[in-house]
Amino acid sequence: MALAVAALFSWNKARRYRRPGHGRPHMDRTLIKYALTNIPAGQAVTVAGWIRTTRHSKGGFSFLTINDGSCMASIQAVADGKLANYADELVHLSAGSSVVVTGALAESPAKGQTVEIQASEVRVLGASDAATYPIQPKRHSFEYLRTQAHLRPRTNTFGAVARVRSALSFAVHEFFQQRGFLYVHTPIITTSDCEGAGELFRVTAMDLADLPRDPAGNVDGEQDFFGRPTFLTVSGQLEGETYACALGNIYTFGPTFRAENSNTPRHLAEFWMVEPEMAFCDLAGDADLAEEFLKFLFRVVLERCGDDMKFFNDRIDKTVIETLEHVTDSPFERITYTEAIDILAAADRSWDYPPRWGADLQTEHERFLAEETFAKPVVITDYPAQIKPFYMRLSDDGKTAAAMDVIVPRIGEIIGGAQREERLDVLEAQMKAQNMAPDDYWWYLDLRRYGTVPHAGFGLGFERTVQFITGMVNIRDVIAYPRTPRSADF
RNA sequence: UCCCCGAUAGCUCAAUUGGUAGAGCGAGCGGCUGUUAACCGCUAGGUUCUAGGUUCAAGUCCUAGUCGGGGAGCCA
C-alpha cells in the first residue's frame with residue numbers, strides 16, 4: 001500500500017513537471033529561459049545549471065551567474081552570507097561548478113538583468129577547480145576550444161550553435177512533413193563503390209592483421225561479413241530514388257561519409273545531409289523546392305532563435321541577420337552554366353583560372369557570382385554533361401545535363417542536385433561512358449525498366465547551412481565532434 | 001594531396017641584428033564594491049611543439065617531422 005501511494009505521488013509529480021517550462025520529472029526545476037521571461041517577480045523558483053562567473057562581495061554576499069543551456073542568457077542569483085553553506089562552500093564556487101538554486105524571483109536593482117534570484121538555498125552538486133577548468137571566463141580561440149570539444153558547449157558560442165542546429169533539424173522535418181514528403185532511412189552501409197561522389201570508407205569485420213586472400217593474392221572481400229566489399233555511404237540518393245519512384249516525394253536526413261583528404265573550413269569526413277527526391281518532377285521544380293526549403297529554414301531561425309541570432313550578429317558576423325532577411329525576401333537568382341561563363345568572361349577582373357565552357361566552375365568563380373554579381377544565393381543549372389555524374393539527365397542539346405547547384409555567399413556550394421536520367425538506354429550509355437558496370441546497378445536500372453518517371457532531387461549540406469546562418473567560419477565548429485583527416489578525437 | 005603561414009606561462013600574444021623569458025587575461029591571497037568584460041595591490045606559474053644541425057651563444061638561423069590556421073583541389 002505504501003508503495004502504491006508513493007508511486008501515485010511520483011506519478012503526479014512527474015506529470016506536473018512535464019508542463020512546458022519544467023525540466024526532467026525527477027528534479028523540480030524551472031528552465032532559465034522561462035524563469036527570465038514567463039514567471040512573475042515574487043514567485044519562488046528552482047533553477048539548476050553551471051556557474052559561468054562569480055563575484056564574491058566581502059560585504060557578505062555573492063553573485064552567481066548560472067546558465068543551463070536552455071537559452072543564451074544566464075540568470076543571476078544573489079547568495080546571502082547568512083546561508084548555512086556560505087563560508088564553507090559558496091565563497092569558493094567558481095566557473096564550471098554545478099548548482100541548484102532555490103529562491104524568490106526579484107526585480108533586479110542593478111543593470112544587466114531585469115530579474116534575479118534571491119537565493120534561499122544554493123546546493124552545490126559538483127565543484128569545479130578554477131585552476132584547472134579548461135573553460136576560463138574569458139575569450140578563447142575556436143582552435144583551442146576544439147581541443148575541449150566536450151566542454152565547449154558550455155560557452156556562449158557553442159551553446160548557440162547547438163540550439164540553432166537543433167531548431168534547424170526540427171525545421172527540416174517540419175518543412176517536408178508539411179508537404180507530404182515521407183522520411184526514408186537509407187542505409188549507412190552500402191555496397192556500391194562508384195557512385196561518383198567521393199572516396200569511401202571501407203567497412204569490414206575482417207582481421208586486418210590476417211586478411212583472407214584469394215588465389216591471386218588479393219584481399220578476398222567474399223570472406224568479409226557481408227560476403228562482399230562494403231563501405232560507408234557517400235549519399236542516400238540512389239536508394240532515395242527507389243522510394244520516390246514508389247511513394248512520390250521522400251527525403252532523407254542522416255550522416256554521410258567521405259574519405260576525401262579535404263582540409264578546408266567547408267569539409268568534414270562525417271557530415272549530415274538532407275536529400276529530398278521527387279517523382280514526377282523536373283529540374284525547375286527541383287530548383288523551386290530548393291529555394292523554398294532554404295527560405296523556410298532561414299525564416300525559422302530568425303523567428304525562433306532570436307537571442308542566439310543576435311549573438312551571432314553581434315559577435316561572429318555583423319551581417320548574418322541582414323543577409324538572412326534579405327535572402328528570405330527576394331527571389332534567388334537563376335542562371336544557366338553557360339550564362340555564368342559569359343558573365344565571368346565579361347567581368348572586369350583577372351582570374352587564376354580563366355572561365356572556359358566545359359570546365360567546372362572554380363571557387364573564385366562561384367564566389368564572384370554569389371558575392372559580387374548578385375550578392376545572394378544563385379541557382380546555376382545545365383552544366384556540361386561531361387563534368388557531371390552519370391545519373392544526371394542528359395538534355396536535348398546533347399551537351400548539358402539537367403544539373404543544379406545552389407551557391408551562397410561566403411560558403412559556396414550548399415546544394416547540389418539534378419533531374420535524374422529516367423531513360424534506360426541513355427542511362428546505360430552514360431554509365432558505360434564513365435567505365436561503370438551497369439550490372440552492378442541492376443536495381444537502380446530497374447526503376448527505368450518498370451514504370452520509369454521523370455524525377456529530381458538534391459542534397460543539402462546541413463553543416464554548411466548552419467555555417468551560412470550563424471556566420472561561423474569553420475565547419476568544425478558547427479558540429480559537436482568534427483571528424484576530419486587525422487582528427488577523430490572524443 | 002599541393003602552396004603559404006604559424007607553434008613561447010592555464011589561455012591570448014610580445015621578445016630589436018642571434019646575447020639573462022615578458023605583458024594582458026585567468027588562478028591564489030589581500031583590499032574594496034548591488035556586482036555583472038567589475039576594480040586596486042601582491043604572489044605563483046616556462047624543457048619556447050619534437051628530433052637533429054650551425055654557433056662562443058638559438059625562442060630567434062638551417063633540415064626533417066608532428067600539430068594548427070589560411071588558400072587550392074575534391075565536394076555538400
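Every value quoted in this text rests on a predicted model; they were computed, and no experiment measured them.
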From the set B:G73, B:G34, B:A76, return the single nucleotide nearest to any side-chain atom of A:F271. B:A76
Charged N-O contact under 4.0 Å between A:R410 and A:D317: yes
Interatomic distance where CD belongs to A:E364 and P belongs to B:G70 [whole Å]: 19 Å
Quick one: do A:E372 and A:R367 make a salt bridge, cutoff under 4.0 Å? no
Quick check for you: among B:G68, B:G70, B:C75, whose closest atom lies nearest to any side-chain atom of A:S487? B:G68
Roughly how many Å apart are B:C40 and B:C3, using the P atom of each and rounding to a whole number? 49 Å
Taking only the side-chain heavy atoms of A:Q76 (C-beta and beyond), determine which of B:A76, B:U1, B:G34 contains the nearest atom. B:G34
In whole angstrom, give the distance that lies between atom NE2 of A:H140 and atom P of B:A27. 10 Å
A:E143 has its side chain closest, among B:G68, B:G73, B:G34, to B:G68
Could you tell me the separation between the CG atom of A:D314 and the C1' atom of B:A37, rounded to a whole number of Å? 15 Å
Can you check the A:F142 CZ to B:G70 P distance for me, whole Å? 12 Å
Sticking with atom C1', work out how far B:C2 lies from B:C49, rounded to a whole angstrom. 24 Å
Would you mind reading off the distance between A:Q136 atom CD and B:G45 atom C1', rounded to a whole angstrom? 13 Å
Hey, is the side chain of A:N474 poking within less than 4.0 Å of OP1 or OP2 on B:G70, counting only N and O atoms? yes
Would you say B:U12 has OP1 or OP2 under 4.0 Å from some side-chain N or O of A:S141? yes
Does a nitrogen or oxygen in the side chain of A:R146 sit under 4.0 Å from OP1 or OP2 of B:G69? yes
Can you find a side chain N or O atom of A:S94 that sits less than 4.0 Å from OP1 or OP2 on B:A27? no
Assigned partner base of B:C2, Watson-Crick or wobble definition, under 3.5 Å: B:G71
Winner on side-chain proximity to A:Y353, out of B:G26, B:A72, B:C67, is B:A72
Between B:C74 atom P and A:F201 atom CZ, what is the distance in whole Å? 19 Å
What integer number of Å spans the C1' atoms of B:G18 and B:A76? 50 Å
Using the ring of A:W50 (Phe, Tyr or Trp, six-membered ring only), decide whether A:R52 places NZ or CZ under 6.0 Å from its centre and within 45 degrees of its axis. no
With respect to the phosphate group of B:A72, does any side-chain polar atom (N or O) of A:Q362 fall under 4.0 Å of OP1 or OP2? no
Do the ring centers of A:Y444 and A:Y391 come within less than 6.0 Å of each other? no
Using distance alone, with no hydrogens and no angle criterion, decide if A:R55 and A:Q76 have a side-chain donor and acceptor under 3.5 Å apart. yes
With a 3.5 Å cut-off and just heavy-atom distances, do the side chain of A:S262 and the base of B:C74 make a donor-acceptor pair? yes
Within less than 4.0 Å of OP1 or OP2 of B:C75, is there a side-chain N or O belonging to A:R464? no
Step-by-step side-chain hydrogen bond (donor to acceptor under 3.5 Å, both in side chains) determination, A:E463 to A:Q467: CA-CA 6 Å; A:E463 283 76 16; A:Q467 275 187 279; over 6 Å; no
Output the rounded distance in Å from CD (A:E366) to P (B:G71). 15 Å
Among B:G28, B:A76, B:A38, the one nearest any side-chain atom of A:A130 is B:G28
Nucleotide forming a Watson-Crick or wobble pair with B:C42, both distances under 3.5 Å: B:G28
Does A:R179 qualify as a cation-pi partner of A:F175, given the criterion of NZ or CZ under 6.0 Å from the six-membered ring centre and within 45 degrees of its axis? yes
If you check every side-chain atom of A:N261, which of B:C75, B:U1, B:G34 has the closest atom? B:U1
Can you find a donor-acceptor pair, distance only, under 3.5 Å between A:E116 side chain and B:G34 base? yes
With C1' as the reference atom in both, quote the distance from B:C11 to B:A72 in angstrom, rounded to an integer. 32 Å
Measure CG/A:L460 against C1'/B:C75 and give the value in whole Å, please. 13 Å
With the side chain defined as heavy atoms from C-beta on, A:K138 is closest, among B:U1, B:G68, B:G26, to B:G26
Minimum-distance nucleotide (side-chain atoms of A:P265 versus B:G70, B:C74, B:A76): B:G70
Taking B:A72, B:G10, B:G34 as options, the one with an atom nearest any side-chain atom of A:T363 is B:A72
So what does A:R52 hit on the nucleic acid, given a heavy-atom distance under 4.0 Å: a base, only sugar-phosphate, or nothing? nothing
